Amino acid sequence: MSTYILGQWKKTYALFLFAGGIVNLSGQIIKETVRGKIYWKLLTEQIVIMGWKSLPLVIITALSTGMVMSLQYGLGLEKFGGKLYVPKLVAITILREMGPVFTALMIAARVGAGIASEIGSMTVTQQIDAIRALGTSPIKVIVIPRVLACLIALPLLVAVANLVGNAGGLYVGAAELKLDAHFYYQKVVTTVDFNDYLSGIFKTYFFALFITIPACYYGLSVKSGTKEVGQATTRAVVMSSILILVGDYFLSKLFWVLER
Amino acid sequence: MINIKNFRKTFGSKLVHKDVSFYVREGECLGLVGGSGVGKSVILRSLIGLEKPDSGEIEIDGIQVHNLTEEEMVPLRQKVAYVFQGGALFDSMTVFENMAYPLREHFKLSDDEIQKKITDTLDELGLAGNEQNLPSQLSGGMQKRLGLARALMMNPKVILYDEPTAGLDPYNTKKIQDHILKLKKKGVTSILVTHDMPTALAVCDKMVYLLNGVVTSSVLTKDLYSNPNAEIMKFIEGDVA
Ligand SMILES: Nc1ncnc2c1ncn2[C@@H]1O[C@H](COP(=O)(O)OP(=O)(O)O)[C@@H](O)[C@H]1O
Ligand SMILES: [Mg+2]
């Protein structure tokens with residue numbers, strides 16, 4: 001029993017430590033972004049790694065999400081003669097929720113894990129110390145390019161996911177639900193409004209921070225040993241995913257209030 | 001030039017340094033010896049602010065290191081170079097980029113000037129022609145020399161060597177030793193952490209022996225053998241850890 005309490009206490013303590021660390025890291029990121037130069041070369045490099053190289057993964061995810069949604073809505077609504085609403089429902093669900101959330105989750109797994117393990121290994125091999133010892137800042141050369149790159153790449157990836165997802169929906173709509181492709185397209189274009197799109201994109205900026213900041217934090221917290229690098233990677237992905245899913249609810253609600 | 005007074009450092013409940021004091025005069029080379037795990041690296045790391053002492057004072061070239069913030073450390077770190085035991089090379093960058101990094105950060109040099117400075121230094125350390133290789137493509141001895149080469153890019157006044165010859169063959173040991181002597185002749189002040197007694201005897205002016213968190217003896221290298229009772233002799237002879 002007492003070991004159980006001790007375990008819980010340790011977990012709570014770790015959570016506070018995490019919260020403190022995140023606040024501290026975010027403060028440093030803001031401070032050093034506002035003044036001081038931006039490393040354009042490192043930034044573009046990271047945008048390519050995070051954005052361009054994630055494209056296949058994002059396309060596959062979005063395509064299957066759009067297709068399966070179209071199919072399920074079609075099957076579900078057919079009984080009530082509501083098949084005609086499939087285009088609108090698929091489009092709005094993708095733009096507002098599935099596009100941003102699924103893309104962010106995939107990027108958390110791919111990019112967040114990459115960041116945490118890379119920074120963790122750099123800490124273990126004293127490369128982070130070397131950056132400091134050479135009179136430079138790991139926040140500036142390592143953290144900020146990754147955070148900015150994700151802030152730039154994620155909205156673009158979500159924009160692609162939105163397009164591809166709807167294309168998948170349209171394909172299933174036409175091929176399986178026997179809806180006219182032109183009708184499907186017209187329905188999407190006329191029923192979706194710009195707020196639906198904005199609501200989704202608005203979240204991606206938060207998701208980008210939810211992915212990169214915990215990943216950098218856990219990577220930098222590694223002290224020694226490759227085992228810790230593995231743990232840091234796992235924690236980064238778990239924490240980002242939770243933040244994305246829980247944050248999504250509150251962000252949706254916030255935008256919902258703003259829209260009225 | 002370097003002055004440590006009543007330095008104390010703990011990690012959690014582990015007391016590493018109880019009370020360490022020593023000084024190094026300008027142009028001198030101090031040998032810091034002691035068994036593995038006595039905290040030699042911790043001292044070097046504290047000198048450039050990678051660790052914060054629990055209490056005590058550290059002064060280098062008139063700068064009070066112990067109460068600087070991370071940002072205020074920058075001028076200090078431009079003067080004081082730390083040659084990491086494991087090299088701490090940036091493994092995703094080429095040899096050239098590793099060397100260019102501190103130059104681009106701290107000096108406004110043209111590409112040609114950077115190129116020249118790097119080629120010259122690589123030449124001197126016997127690493128010419130490796131500019132485009134990754135550190136992982138170099139041998140252990142070459143990696144250590146590259147670590148030194150990168151530290152030299154900033155023309156430091158003070159160099160802290162953390163076991164620069166550990167694990168090296170005689171050829172590489174000699175190369176590093178020669179280079180340390182050469183830098184010393186140029187007036188660089190240094191601290192050499194090492195177990196390699198021949199190198200220490202060849203380059204150090206004095207030696208400080210650490211045991212259980214305190215300096216147990218401090219002798220001039222030239223007096224070492226005329227003072228055979230010193231604790232440090234026991235260490236050299238392998239009688240204590
Ligand atoms: N960041 C750290 N956290 C906890 N303990 C540390 C840390 N750095 C060093 N130590 C401990 O301090 C002691 C001295 O380490 P070190 O200075 O590396 O010894 P050495 O004299 O071999 O260079 C070791 O016992 C090590 O475990
Ligand atoms: Mg050491």
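Computed over heavy atoms, backbone and side chain alike; hydrogens, waters and symmetry mates excluded. Order of the sequence lines fixes the chain letters, A, B, ..., with proteins taken first and strands second; residue numbering starts at 1 for each chain. Note that the coordinates shown come from a computational prediction; the quantities given were computed from them, not determined experimentally.
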Which is it for B:M153 and A:L134 under the side-chain contact (heavy atoms from CB on, under 4.5 Å) test, yes or no, and what are the steps along the way? CA-CA 10 Å; B:M153 287 291 100; A:L134 290 166; over 6 Å; no
State, to 0.1 Å, how close [X] and [Y] come at their nearest heavy-atom pair, and which atoms those are.
X      : Y      : answer
B:I48  : A:A133 : CD1-CB, 3.6 Å
A:Q126 : B:R45  : NE2-NH1, 3.6 Å
B:A88  : A:A130 : O-CB, 3.5 Å

Ranking A:V141, A:T136, A:I128 by heavy-atom pairs under 4.5 Å to chain B gives rank one to A:T136
Other residues, nucleotides, ligands: >12 heavy atoms within 6.0 Å of [X] [atom1]:
X      : atom1 : result
B:F107 : CZ    : yes
B:K116 : NZ    : no
B:D178 : CG    : yes
B:K5   : NZ    : no
A:F255 : CZ    : yes

At a heavy-atom separation under 4.5 Å, does [X] approach chain A through its side chain, its backbone, both, or neither?
X      : value
B:L76  : neither
B:L50  : both
B:M154 : side chain

How many angstroms lie between CD in B:E71 and CD in A:E32, if you round to the nearest 0.5 Å?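 One finds 6.0 Å between CD of B:E71 and CD of A:E32.
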Is the shortest side-chain N to carboxylate O distance from B:E105 to A:K140 below 4.0 Å? no
B:D91 backbone acceptor or donor facing A:Q127 side chain under 3.5 Å: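 Present.
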Show your working on side-chain contact (heavy atoms from CB on, under 4.5 Å) between B:E70 and A:R132 and close with a plain yes or no. CA-CA 9 Å; B:E70 183 76 12; A:R132 294 172 64 202; 2.9 Å; yes
Stepwise, does the side-chain contact (heavy atoms from CB on, under 4.5 Å) test hold for A:I131 with B:Y101? CA-CA 9 Å; A:I131 293 175; B:Y101 175 77; 3.5 Å; yes
